[in-house]
Asks: 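Quick one: structure below, then a few questions.
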Amino acid sequence: MNMEGLIKGKVAGVLAKLYNQQIDPEQVQVQLTRSEFEGDYTVMVFPFLKFSKKSPEATGTEIGEQLVAALDEVGAFNVVKGFLNLVISNGYWIGRLNEAISDASYGFKPVTDQSELVMIEYSSPNTNKPLHLGHIRNNLLGFSLAEVMKANGYKVVKTNIVNDRGVHICKSMVAWQKLGNGETPESSGKKGDHLVGEYYVKFDQLYKKEIASLIASGKSEEQAKEEAPCMVETREMLIRWEANDPEVRQLWKTMNGWVYKGFDETYKMLGVDFDKIYHESDTYTLGRDEVLRGVREGIFQQESDNSVWANLEADGLDKKLLLRSDGTSVYMTQDIGTAQIRFKDYPIDHMIYVVGNEQNYHFQVLSLLLDKLGYKWGKDLYHFSYGMVELPNGRMKSREGTVVDADDLVAGMIDVARSVSLELGKLDGYSEAEKENIYRIVALGALKYFILKVDPKKTMTFNPEESIDFNGNTGPFIQYTYARIQSILRKAAESALSVPAVASVQTLVPKERSLLKVIARFPEVVREAGAEHSPAVVANYVYDLVKEFNSFYHDHSILNEQDVLVRDFRLALTKTVGNVIRNGFSLLGIEVPERM
RNA sequence: GGUCCGGUAGCUCAAUGGAUAGAGCAACAGCCUUCUAAGCUGUAGGUUCUUGGUUCGAGUCCAAGCCGGAUCACCA
């Protein structure tokens, strides 16, 4: 049991003994003592006053005396107002370090055959335009969440549902047919996803032009939008696509192929991957079958124009369209099919959808619909609803050209990392390839940390005018600390010093002690990150750890320490901090460099 | 309009109902003959949107209001 649990149980026992009061140990409030007070753990005594009928100070003192007598690890206590501060022995903290020193997966729970399986859907791009900053947040959160869940002992299947069909895809196809002149990624040298994205934009321009000329010829705006030739063509193309028209299918395959090649490059650069990829084009018919079953069973209603609806008014929601009057599928339809096939493919215990909070309503509806269709897991779907990334003046708008492209952003970050690194000139002796790899690690560290340190639920702001910082509370700051640690360990090895498997000092200076306490928190941080579904918990912890280490590093010498026992202890401490940084960052999908 | 989410230092973000609300950036002042200065130390910066309520104790919970955003599509 951890120290907090131990204290809670003991306090409950003491309350029974002193005041004849039974209380659930979980009701005892224990927290880490704030650094400005002496002590390690603090027990709130305010809630006990109604039992003790004494002052907070007297109550705290009584309980404190009992705890010192009952627990070896509690060496002393002090009471400030209603706060009972417990001082834990050095031996306990050193013992916690000794657990961590040689455990390569310190803080992680093992995954076993009995582990529950969690499927995490993330990324889920449309194949009509390249990935942008919003997708980056999704991808980083999804990948990190998968690592966090693994560290909490779950089997994880990462999945990606590619939205590869639908009107939006047909729009870029129509535009390419009309305006493309046979342009390909090879002929133009453009990355495939970017090329297709350009035609999606061109479609929009053409559409607007056609609407304008129809309005000029006397049509109403509504009519114009309906009758614009390129839109008519798009709708026809979607129907031909669903009817398996060979010509349309061929064009679709070709253009999607370009996009996939582009996406693969971006995914690889971001360091994210998937265990199983589903395509909407494979699942939407399953969804349609399910919807039609729902109609037969009276769960859904078919209107006279053939469109199918779910009436969710009894659940406090609206009516929801499931099939259009022309029989084609909508977004919701394919999500039903995808859910069904996934649960057929895997023994899923928990399903997590990493999708932006703009789709909260969609997932509320999806969960209800699956439930109505008779799937017992419908109600249990978990929508990991993260906040949007905004620019200083609001959302990214493709019409205003303010979309921050994922590839451009990463390339820009690498440029910054390169110039910072060249200026500092600490990579002498590395080959160009090794240097470029460091620039990449640092650049992605900066970007990933910047995004993941923010509470996923919250909207966050990104300013493309100011490049992401490399100093202060940043990824490179943490990577730098790791690199320093490795430098010390290399020097130790050169001097034939080995890191002891067990630390055997008796006394600790204050900065050693606070560092030990931060290291000891790591397993709980991993657990909390899993329970809260929050990589930010890990990011903020690693920052705390690193700040604490740098302060220690500044004040105390490690290799030049004269007392051999202290030197060896500090080596063990230093190595362990490095391991925790690496493990913590691995949960965020961030690499750490040996030098920088 | 209905529903949901948010509002903390100039900016970007922290803070299981607990002590004097913390970091970083930006500003200012120091620290490299010493294990990597992408570092360390200090100064300054706050009506936690407002008003009530619950509580021994509220940035945190409740209610109302103000401001901002999302969503309620035969878009995804």
Side-chain angles (χ1 to χ4, degrees), chain A residues 29-34 36-37 42 44 46-47 49-50 56 80-83 85 124 126 128 163 166-169 235 280 303 305-309 316-326 328-332 334-335 356-362 364-365 385 387-388 390 392 394-395 417 420-421 423-424 426 442 446 450 453-455 457-463 466 468-481 483-492 528 532 536 539-540 543-544 546-547 550-561 570-571 574 595-596:
Chain A
Q29 295 178 57
V30 177
Q31 60 191 218
L32 298 173
T33 304
R34 296 179 60 118
E36 60 263 39
F37 298 93
T42 296
M44 299 299 153
F46 296 107
L49 301 185
K50 51 179 177 285
V80 181
K81 294 190 273 182
F83 301 92
N85 301 318
S124 306
N126 295 332
N128 60 342
N163 298 112
V167 279
H168 54 297
I169 310 296
R235 276 198 302 269
E280 183 184 338
E303 298 297 318
D305 66 357
N306 271 334
S307 61
V308 175
W309 297 77
L317 304 176
D318 296 316
K319 287 185 169 179
K320 187 77 191 172
L321 177 86
L322 298 178
L323 287 176
R324 295 192 187 96
S325 51
D326 63 8
T328 56
S329 300
V330 293
Y331 179 44
M332 186 63 74
Q334 68 88 10
D335 254 353
N357 62 12
E358 57 192 353
Q359 294 191 34
N360 285 353
Y361 182 72
H362 174 80
Q364 212 181 331
V365 172
S385 164
M388 299 290 100
E390 290 187 350
R395 300 189 82 184
V420 170
S421 183
E423 203 172 308
L424 295 171
K426 295 183 182 180
V442 172
F450 179 84
K453 76 169 186 200
V454 180
D455 182 341
K457 290 194 291 293
K458 291 193 177 176
T459 305
M460 65 177 291
T461 307
F462 176 86
N463 189 345
E466 306 166 11
I468 294 174
D469 244 296
F470 283 43
N471 300 321
N473 187 0
T474 67
F477 165 64
I478 291 165
Q479 290 170 321
Y480 174 70
T481 305
R484 273 173 151 187
I485 287 173
Q486 300 317 305
S487 172
I488 292 171
L489 295 175
R490 277 194 303 270
K491 289 211 158 69
E528 189 189 336
E532 311 269 317
N540 290 322
Y543 177 63
D544 282 347
V546 161
K547 248 193 342 174
N550 279 330
S551 178
F552 161 76
Y553 173 93
H554 180 266
D555 288 5
H556 302 288
S557 188
I558 298 161
L559 295 174
N560 298 326
E561 170 59 39
R570 286 183 183 167
L571 265 177
T574 298
R595 286 175 58 184
M596 69 182 271

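From a predicted model like this one, the values you see are computed outputs, not experimental measurements. Below, read A as the first sequence line, B as the second, and so on, with proteins coming before strands; counting in each chain starts at 1.
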Asks: When we call it a touch if two heavy atoms are under 4.0 Å apart, what does A/Phe470 touch: a base, just sugar-phosphate, or nothing?
Replies: base
Asks: What pairs of nitrogen or oxygen atoms, one from the protein and one from nucleotides 15-20 of chain B, lie under 3.5 Å apart?
Replies:
residue, atom, partner, partner atom, Å
B/U16, O4, A/Gln31, NE2, 2.9
B/G18, N7, A/Gln29, OE1, 3.0
B/A19, OP2, A/Arg34, NH1, 2.7
B/A19, N6, A/Thr42, OG1, 3.0
B/A19, N6, A/Asn85, OD1, 3.2
B/A19, N1, A/Asn85, OD1, 3.4

Asks: Considering only heavy atoms and no angle criterion, is a donor-acceptor pair shorter than 3.5 Å present between the side chain of A/Ser325 and the base of B/C74?
Replies: yes
Asks: Under 4.0 Å between a side-chain N or O of A/Ser487 and OP1 or OP2 of B/U36?
Replies: yes
Asks: Can you tell me the distance, in whole Å, between the CG atom of A/Asn473 and the P atom of B/C11?
Replies: 18 Å
Asks: Using purine N1 to pyrimidine N3 plus N6-O4 or O6-N4 for Watson-Crick, or N1-O2 and O6-N3 for G-U wobble, each under 3.5 Å, what pairs with B/U71?
Replies: B/G2
Asks: Does A/Phe462 reach a base, just sugar-phosphate, or nothing at all? Heavy atoms under 4.0 Å.
Replies: nothing
Asks: Counting the atoms with a prime plus P, OP1 and OP2 as sugar-phosphate, which does A/Val420 contact under 4.0 Å by heavy atoms, base, sugar-phosphate, or nothing?
Replies: base
Asks: Strictly by Watson-Crick or wobble contacts shorter than 3.5 Å, is anything paired with B/A23, and which nucleotide is it?
Replies: B/U12
Asks: Given atom CG of A/Asp318 and atom C1' of B/G2, what is their separation to the nearest angstrom?
Replies: 9 Å
Asks: Quick one: sort the A/Tyr331 and A/His362 rings into parallel, tilted or perpendicular, breaks at 30° and 60°.
Replies: parallel
Asks: Quick one: label A/Arg595 by what it contacts on the DNA or RNA (base, sugar-phosphate, nothing), any heavy atom closer than 4.0 Å.
Replies: base
Asks: Check every strand shown and say whether A/Lys50 touches a base, only sugar-phosphate, or nothing at a heavy-atom separation below 4.0 Å.
Replies: nothing
Asks: Picking from B/G39, B/U36, B/A23, which would you name as closest to the side chain of A/Ala483?
Replies: B/U36
Asks: Check the phosphate of B/C75 against A/Arg235, side-chain N and O only, distance under 4.0 Å to OP1 or OP2. Yes or no?
Replies: no
Asks: Would you say A/Thr481 reaches B/G39's phosphate, i.e. side-chain N/O to OP1/OP2 under 4.0 Å?
Replies: no
Asks: If each of A/Thr459 and A/Ser557 is mapped to the nucleotide of RNA chain B with the nearest heavy atom, which maps nearer the 5' terminus, i.e. the 5' end?
Replies: A/Thr459
Asks: Determine the contact category for A/Met596: base if any of its heavy atoms lies under 4.0 Å from a base atom, sugar-phosphate if only primed atoms, P, OP1 or OP2 are that close, otherwise nothing.
Replies: base
Asks: How would you label the glycosidic angle of B/C32: syn (within 90° of 0) or anti?
Replies: syn
Asks: Given side chain to side chain contact (heavy atoms under 4.5 Å, CB included), test A/Phe462 with A/Val454 step by step and report yes or no.
Replies: CA-CA 11 Å; A/Phe462 176 86; A/Val454 180; over 6 Å; no
Asks: Taking any heavy-atom pair under 4.0 Å as a contact, classify A/Tyr361: base, sugar-phosphate, or nothing.
Replies: sugar-phosphate
Asks: So, is A/Lys491 close to the B/U36 phosphate, meaning a side-chain N or O under 4.0 Å from OP1 or OP2?
Replies: yes
